[in-house]
Amino acid sequence: MKIASWNVNSLNVRLPHLTRWLQEFAPDVVALQETKLEDARFPDDALAALGYRSVFAGQKTYNGVAILARTPPQDILAAIPGFEDPQKRVLAATLGEPGSPQALRIVNLYVVNGEAVGSDKYAYKLRWLAAVRDWLQEELRAHPRLVVLGDFNIAPDDRDVHDPKRWREKVLCSTPEREALRALLALGLHDSFRLHHQDGGHYSWWDYRLAAFERGWGLRIDLALVSDALRAQCVAAGIDLAPRTWERPSDHTPVWLELAS
DNA sequence: ATGGTTGGAGCCCAA
């Protein structure tokens with residue numbers, strides 16, 4: 001079973017890319033971020049024609065998350081419980097019969113970007129991450145077989161940064177952000193990519209400016225985490241660079257993991 | 001060189 005995450009940066013613009021990628025990569029589950037679509041405009045019919053059920057939580061212009069799956073997502077939650085937030089950044093769903101031993105819980109996160117260290121948006125990012133930590137603790141209690149994936153807007157360590165000196169203590173790489181990510185991992189979650197690859201130089205996002213992709217100036221900020229209970233089942237993980245080479249691409253490319261069935 | 005591109009809205013904001 002292949003489970004993937006992709007920040008599409010406007011599903012309206014990227015539906016042709018998503019369609020092509022679903023056909024070529026054939027994932028079983030996909031978490032999308034930055035759909036930038038109100039729910040009424042979500043292309044669920046087009047995705048159903050490709051064999052995917054969709055659930056989504058969107059808004060106009062900004063943010064927006066969705067989960068696509070070959071089986072119907074259930075027990076959908078589209079907000080962090082107890083955290084007041086108009087921004088549509090989280091979506092959780094259960095695949096398989098809820099409560100059954102093989103049910104899989106998927107949590108899709110579009111983590112706050114944070115703009116710059118010390119800004120109001122950065123403070124919101126850290127508050128948001130603290131609320132997510134408390135929520136995921138509850139999700140793990142209820143659903144031991146948990147996958148948490150999305151655009152984390154945090155490079156876990158310097159192996160995940162093309163030029164660590166240039167990025168030192170900058171937003172996406174600062175120590176408080178990395179500590180907030182470590183607090184999520186400390187709940188009993190594992191970065192699937194690092195279960196299978198130890199070297200640096202693998203990235204999931206490249207700035208549109210300065211031809212960053214062509215120069216290899218990337219960061220690995222899109223992650224797929226698996227819970228303790230799924231760790232042994234996670235047999236592979238990776239980053240699919242192909243969509244970033246297509247014409248008019250998203251600035252992010254899909255990341256994925258594979259669970260043995 | 002502290003550079004500039006993209007998407008969506010609507011005459012700038014967010015990334």
Side-chain angles (χ1 to χ4, degrees), chain A residues 5-21 30-43 46-47 56-66 85-91 108-129 132 149-156 158 160-174 176-178 180-181 203-223 239 241-255:
Chain A
S5 173
W6 192 5
N7 179 326
V8 291
N9 186 19
S10 171
L11 186 51
N12 195 38
V13 171
R14 229 66 68 190
L15 183 58
H17 278 201
L18 178 61
T19 299
R20 176 178 171 186
W21 185 72
V30 187
L32 300 176
Q33 303 86 37
E34 286 206 84
T35 54
K36 300 187 177 179
L37 284 176
E38 288 176 300
D39 289 347
R41 295 182 55 215
F42 194 91
L47 295 168
F56 36 89
Q59 64 187 92
K60 204 201 269 194
T61 314
Y62 303 120
N63 309 310
V65 283
D85 190 357
Q87 301 193 15
K88 303 295 190 185
R89 296 181 170 277
V90 304
L91 188 60
N108 179 8
L109 300 180
Y110 174 42
V111 175
V112 176
N113 173 281
E115 190 186 25
V117 174
S119 68
D120 288 350
K121 287 173 190 165
Y122 183 80
Y124 164 52
K125 181 176 196 172
L126 296 180
R127 275 202 317 279
W128 189 94
L129 285 163
V132 164
L149 75 176
D151 176 358
F152 281 70
N153 270 317
I154 302 170
D158 281 351
D160 305 309
V161 181
H162 69 94
D163 184 351
K165 256 190 236 165
R166 175 198 174 110
W167 282 89
R168 202 177 97 84
E169 295 303 331
K170 296 280 197 283
V171 75
L172 314 185
C173 297
S174 73
E177 291 166 88
R178 285 175 168 174
L181 175 59
Y203 311 126
S204 65
W205 169 82
W206 301 260
D207 199 301
Y208 281 126
R209 296 166 289 189
L210 295 174
F213 180 68
E214 289 72 16
R215 298 191 209 213
W217 292 353
L219 268 62
R220 191 174 69 92
I221 56 176
D222 299 88
L223 308 176
I239 301 172
L241 295 176
R244 192 62 176 78
T245 69
W246 297 345
E247 196 181 338
R248 205 179 176 196
S250 169
D251 46 351
H252 296 253
T253 209
V255 303

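Chain letters run A, B, ... following the sequence lines, proteins first, then strands; residues in each count from 1. The basis for the numbers below is simple: all heavy atoms, side chains too, and nothing from hydrogens, waters or symmetry mates. Predicted, not measured: the structure shown is a model, and the values here were computed from it.
Distance Gln59(A) CD to dA9(B) C1': 13 Å, rounded to the nearest Å. Whole-Å rounding puts the Glu169(A) CD to dT2(B) P distance at 23 Å. Atom CD in Gln33(A) sits roughly 21 Å away from atom P in dT6(B) (whole-Å rounding).
In terms of the side-chain contact (heavy atoms from CB on, under 4.5 Å) criterion, residue partners of Phe56(A) (sequence neighbours excluded) are, by chain and number, Asp39(A), Phe42(A), Asp44(A), Ser54(A), Ala66(A). Arg20(A) meets the side chain to side chain donor-acceptor pair (under 3.5 Å) test with Glu24(A); sequence neighbours excluded.
By the 6.0 Å and 45° rule, Arg166(A) stacks over the aromatic ring of Trp217(A).
Using bins of under 30°, 30° to 60° and over 60° for the plane-to-plane angle, the ring pair His252(A)/Trp205(A) lands in the tilted bin.
When the C1' atom is compared between dA9(B) and dA15(B), the two are found 15 Å apart, to the nearest whole Å. The same atom, C1', is picked in dA14(B) and in dG4(B); the two are 15 Å apart, to the nearest Å.
Ring pair Trp21(A)/Trp6(A): centre-to-centre distance below 6.0 Å.
As judged by a 4.0 angstrom heavy-atom cut-off over every strand, Arg166(A) is placed among the base-contacting residues.
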Could you list all N or O pairs between the protein and nucleotides 12-15 of chain B that sit under 3.5 Å apart?
{"unit_1": "dA14(B)", "atom_1": "OP2", "unit_2": "Lys121(A)", "atom_2": "NZ", "d": "3.0"}
{"unit_1": "dA14(B)", "atom_1": "O5'", "unit_2": "Lys121(A)", "atom_2": "NZ", "d": "3.4"}
{"unit_1": "dA15(B)", "atom_1": "OP1", "unit_2": "Arg89(A)", "atom_2": "NH2", "d": "3.4"}

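Of the two residues near DNA chain B, Trp217(A) and Thr35(A), the one whose nearest nucleotide lies more 5' is Trp217(A).
When atom types are taken as modelled, the side chain of Arg89(A) and the backbone of Gly64(A) share no donor-acceptor pair closer than 3.5 angstrom.
Contact annotation: Arg248(A) side-chain N/O to dT5(B) OP1/OP2 distance is not under 4.0 Å.
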